Structure formats: C-alpha cells, structure tokens
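This report refers to the structure that appears directly beneath it.
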Amino acid sequence: MPFAGLGLRPELVRAVAEEGYDVPTPIQRETIPLALTGRDVVGSAQTGTGKTAAFLLPILHRLAHDHQPSHRLRALVLVPTRELAEQVLERARAYGRHLHLRAAAIYGGVGMEPQTQALRRGVDLVIATPGRFLDHMGRGHLDLSRVEVLVLDEADRMLDMGFAPDVRRILDALPDARQTLLFSATISDDVDRLARRALQNHTAVETARRASPADGVEHGIFAVDKLFKKDALVSILKLDFMRRVLVFTRTKYGADKLARHLKRDGVPAAAMHGDKAQSTRLRTLEDFRQGRVRILVATDLAARGIDVEDIELVVNFDVPTDPEVYVHRVGRTARAGAQGLALTLMSPDEWLLMADIEKLIGQTFPREVVPGFEPAVAPIVPMPRAQPALNRGPSVRARRGSARRR
Ligand code: AMP
C-alpha cells in the first residue's frame, strides 16, 4: 500500500515522497491508520524500522486539522535522551514542512532560556526528555490543558534510565482525555505496567519478534584475548575499510581510552559519551554523519537515538551484559532495510554473556580469530566450529555483495 492509502493529509504524503520513502514500513502500515482513529497504541518494533514516522505522521495530521494552528501545546513526545529529542524534532520538521506548525525540543544539559522563549512564543508540539520537561512545568512555562496526544518513545530506555517517577508526574499533569502511543524495542514487565497506567484499551502492534535485530545484519564474533582487544580492533579496522563504523564500549573512560589508542595507531576516531558537553556531542555526531569522522567510539547512553544512515559496521568492543543491549547496538546498522555487519570482540570471560545473547536472538554466530590475537585459554562453553582464519575484509564484502545481488 502506498502512503497515499493510509488516510494522511496530502501535505504529509508529499513530504514523505520528498524524503524518498516509497512505501510505508510495516510498523507505519499498522500504526498510522490505527492512530488516525484516535486509538491508544503500544508498538513494539525493531530499531530502525521507521517508528518515528509511525507516530509523527498521525500527530502532524491531527495538529494540522485546524486551519490556523493555535501554537498552543497539543502534542507531547517524551524521549530518553537529548540526541533522540533533536532527531525526532528534525523528523517532525521534515514531515511537517508543508504545514504551519511549531515544534520545539526541550532537554537538559543546555540553557533553559532559549527553551523558555520558544515555549512563550507558542508551540504545537514539544519533544522532551522527562527531567527538563518537569523543570519547565514547575516554573509554570507550560500549559498542559490542551494536550491531546502523548507519545512515550523508547519507553524501555526511559525506564532503564530511571525516568519512571518523572514520567508518572507528567502523566498525572496531563488531561485524561487524550490519545497515548507507546513505543518500545522490548516490552518488559515494567513497560507493560507503564502501558497499563498511561494507556486505555490500547491496541498492540508488533511487527517483529521481540528482541530481534533487523534481518539485514550479519553477525560475527572474534574470539580474542582481553589484553589484545585494542590491537585486534586496529587490525580489523585497517583491514576492512568500511566507511562508517560505530564502536561500543561499556564505560565512558573506556570509550576515551580506546579512541586515543586508535588514533595513536593511525586509525582516527572520535569518542562520544555522557560526560561530553552537549554541544560537543552534537558536533561529533554531525561530523560522523557528514563523514568527517569515520569511526565513532560511544557508550550505550550516547549512542541511543543515533540515526545515521549507512553505518556499515557496528563493533562491540565489550560484550554487553544485558542481551537486549546487543539488539539495540546492532540496530544502529542495517537501518530501514539496508545491509550491515555487527562484530563482537569476545574475550574468554565473556563467552557466557555471548551465549545469553545468542539464546535471546535464537541464532549461533560464527566465531573467528584475529591471527596473532587468539585467546590463550580454551573456551569453557562448547564453541561452534570455528570459521577459517580471518580473511574478513574481502570475504565479508563478497558475501554482502552477493546478498545484495540476490
Ligand atoms: P526510525 O526507526 O524511526 O529511527 O527510522 C529509521 C530510518 O528509516 C530513518 O532514517 C528514517 O528516515 C527512515 N525511514 C522511515 N520511514 C521510511 C520509509 N517508509 N521508507 C524508507 N525509509 C524510511
């Protein structure tokens, strides 16, 4: 079905055509007609499946219904991070470019004043992180009496980041008669509890098996000694000259240290994590997006909401302790139907963590070694038959090429 068949206003159909979208993604096909009827929706979808447009398009449709938009707050999108707030705002501007609506992003780590000014001038749509939104609420900068639609985006992350009390306070302040849409990569018990509190008679939309990475991701594991991880990564990055690579580390300190190590070894990289100033984070992200930075080393928190097209390779420098974090990380590649590669550097102490991830995803990934950096000890869990020694660059390219031709 084309976008024109979903019941959206022509200005929106025109805007998505200008974005180059040919057909709605499955989550959009399911969610948009439902949301247009005013129903509450819980959407669980893989990352990078187009869920932002799935909620923004029906919201913009509703807001544009008035011929003269009032610029009084009618729709609120709550997100876990500043980057995601900026990104959703950017999407709202793109999809709403033929409408006369005003939107603002409200998040912490930057001055209050410009946000206060924007709220005073009047906005139809606010995209906010919960803490800063509450700050503005407390100072009387917000009139919530006309809010008709609430979106809780990446609800699982909001809860993981401890925003539950803030979200509850915001829910209590919103009108009961509203539409609520909740999106989450995974629907845990906590998310389910939040949904029962925030939504009424909702319809669940599930376009993918829970906790499954996009089909276009090819997974691989390199078994390496912990001490050699950095050098193994350097040799992988030198071998396979991917254009845009995102490397995940568990800690902020680890991200800085690794970026420094890569630079020293002739592989220029930038680090991004929660201790960097907001302006630096946005600049780094823009450099990455524009190709001025080819390799970005990030922590999970900073990476949330990164929507950069054509990330060809995601590297897990550490195996995540929470298997669902793996799904989220690798979701940064192979977005919107593209192909991508996810490589994990696994030291012997991480074998069990990797086994948990494979169990969650329901697949066993091929293991390889980086010649010269093999682990010294034998695995304590049975490992599947190892692939032939590393010849990753050409072999991966060839396989990905042939996948594309199919
Ligand atoms: P999201 O899951 O919302 O972060 O979207 C992932 C990416 O898919 C973004 O870069 C969108 O611009 C893109 N996208 C969203 N909807 C479509 C569509 N119908 N066709 C192609 N790309 C899309």
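For ligands, and for the atoms within them, numbers begin at 1 and follow the listed sequence. Positions are given from 1 along the sequence. Everything numeric here is computed off the predicted structure, so don't read it as measured data.
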Identify, by atom number and element, the atoms of ligand 1 in contact range of [X], meaning under 4.0 Å from any of its heavy atoms.
X: Val23; answer: 18 (C), 19 (N), 20 (N)
X: Thr25; answer: 17 (C), 18 (C), 19 (N)
X: Thr52; answer: 1 (P), 3 (O), 4 (O)
X: Lys51; answer: 1 (P), 2 (O), 3 (O)
X: Phe3; answer: 19 (N)

Output yes when the distance from some N or O of ligand 1 to some N or O of [X] is under 3.5 Å, and no in every other case.
X: Pro24; value: no
X: Gly50; value: yes
X: Gln28; value: yes
X: Tyr21; value: yes

Step-by-step side chain to side chain contact (heavy atoms under 4.5 Å, CB included) determination, Ile27 to Val205
CA-CA 7 Å; Ile27 187 85; Val205 171; 3.9 Å; yes
Geometric cation-pi criterion, Arg91 with Tyr95: 6.0 Å, 45°:
yes
With distance as the sole criterion, is a donor-acceptor pair present between the side chains of Gln115 and His141 under 3.5 Å? no
Open item on the list: Within the structure, is a non-hydrogen atom of Val16 found at a distance of less than 4.0 Å from ligand 1?
Closed with: no
Within-shell test, Arg91 vs ligand 1, heavy atom, strictly < 4.0 Å:
yes
Sequence neighbours excluded, the answer for salt bridge (Lys or Arg N to Asp or Glu O under 4.0 Å) partners of Glu148 is Arg62, Arg74
Exactly one of Val151, Leu101, Leu63 clears side chain to side chain contact (heavy atoms under 4.5 Å, CB included) with Leu125, and that residue is Leu63
Tested for side chain to side chain contact (heavy atoms under 4.5 Å, CB included) against Leu174, the lone hit among Leu150, Val149, Thr180 is Leu150
Practice problem: Please tell me if the side chains of Thr129 and Arg132 come closer than 4.5 Å, counting only heavy atoms from C-beta onward. | Solution: yes
Give a yes or no on whether the ring-centroid distance for Phe317 and Phe248 is below 6.0 angstrom. no
Checking heavy atoms under 4.0 Å, the part of Asp22 that sits near ligand 1 is neither
